[in-house]
S.K.: 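Please find one structure pasted underneath; my questions will follow.
First listed ligand is number 1; within each ligand, the first listed atom is number 1.
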Amino acid sequence: MRAALVEADIDALLVSQPENRRYLSGFTGSAGWLLITADQALFATDFRYFEQVGMECPDFELVPMERTFADVLPAMLARAGVRRLGFEADFATFADVQAWSKAAPDTEWAPTKELVIRLRAVKDAVEISALRAAIQLADEALAAALAQAHGGMTERELAWLIESYMRTHGAEAVSFDIIVAGGPNGARPHARATDTPLPAGVPIVIDMGARLNGYCSDITRTICLGEPADPGRFWEVYHTVLRAQQAAEAALRPGMTGQEADAVAREIITEAGYGEYFGHHLGHGVGLAVQEEPRLSRTNTAALAPGNCVTVEPGIYLPGWGGVRIEDIVLITEDGVEVLTAAPKGAIIA
Ligand code: ZN
Ligand code: ZN
């Protein structure tokens, strides 16, 4: 972070975005401001977190707040000798910046974007092992829930089987509200689980993940209870998505851009005649946030680097029929990828 301060030509960075704050300090609480300079690291927070900062953030010095952050900010800046201060322009609100600049009118406020997010995109060994554990827990939860899945159970009941397994096996939370979307519900890529009974013979999209030690997993599988009612269409769509997914996973390597990765899967789906039904991008980074950098999107021209962890999740969504999406997390290595998700990709649940 300190090297990035020099590059961005700022004396300090003010950080309060929760994942950025945790990444830099270790703090797992929900309120606090970091001020990081070339040689100081201050943590302003209120009474609720005084003890927690001492336990979780040994590299930071606590600045106790009685009322607002704007009250303690001028003294922090004076003490750290900050003239030009970077802040998170993609997180701080207009009202925040008004209050801060009023409290410290002589400071030069420099909006920055994605300084910490760029650091977070490359995972170190500790982060990769945390991700592996979160991914493994999601894989196990899915297997346990599918072993109990049956027609007549509602989408929400299946979502709860998955969630309760994760919670009783160490997860702090789900990464996001679990998606279980049967038949036509699955044609909406981010449908929520409803109280509709799971239909037999049609695709059911299940998208879920566990948060464990701060790190998120994210996996999608598409299943069918029993044999598909229209096997021709079902297998054509299913195998097209699977081929696109496997081709992208085989092609990914450092130096490839997000755009090029997206194109590998998109070409296969387009050639099969379903291009207009794959309306989202191929994947996203995953870490402390379930969606972060880098993006495998049609517009990302930045190159992938070893240590990036990204999802690979092509899909085809046919209105009135349903959807098929298959999603793994992969780690970009020195010469290719390691697929971290291990859940099987057979669609049929007997
Ligand atoms: Zn997902
Ligand atoms: Zn995803």
S.K.: Do any of the N, O or S atoms of D218 sit under 2.8 Å from the Zn ion (ligand 1)?
M.R.: yes
S.K.: With respect to the Zn ion (ligand 2), what is the nearest N, O or S atom of H284?
M.R.: NE2
S.K.: Report yes or no: do T270 and E276 form a side-chain donor-acceptor pair below 3.5 Å?
M.R.: no
S.K.: Salt bridge or not for R79 and E61, using N-O below 4.0 Å?
M.R.: yes
S.K.: What N/O/S atom of D207 gets nearest to the Zn ion (ligand 1)?
M.R.: OD1
S.K.: State, without any angle test, whether H284 and E313 hold a side-chain donor-acceptor pair at a distance under 3.5 Å.
M.R.: yes
S.K.: If I consider every N, O or S atom in E313, which one ends up closest to the Zn ion (ligand 2)? I only need its name.
M.R.: OE2
S.K.: Here's one to test your reading of the geometry: is the NZ or CZ of R188 within 45 degrees of the ring axis of Y317 and under 6.0 Å from its centre?
M.R.: no
S.K.: Name whichever N, O or S atom of E327 ends up nearest to the Zn ion (ligand 1).
M.R.: OE1
S.K.: Would you call R21-E19 a salt bridge at under 4.0 Å N-O?
M.R.: no
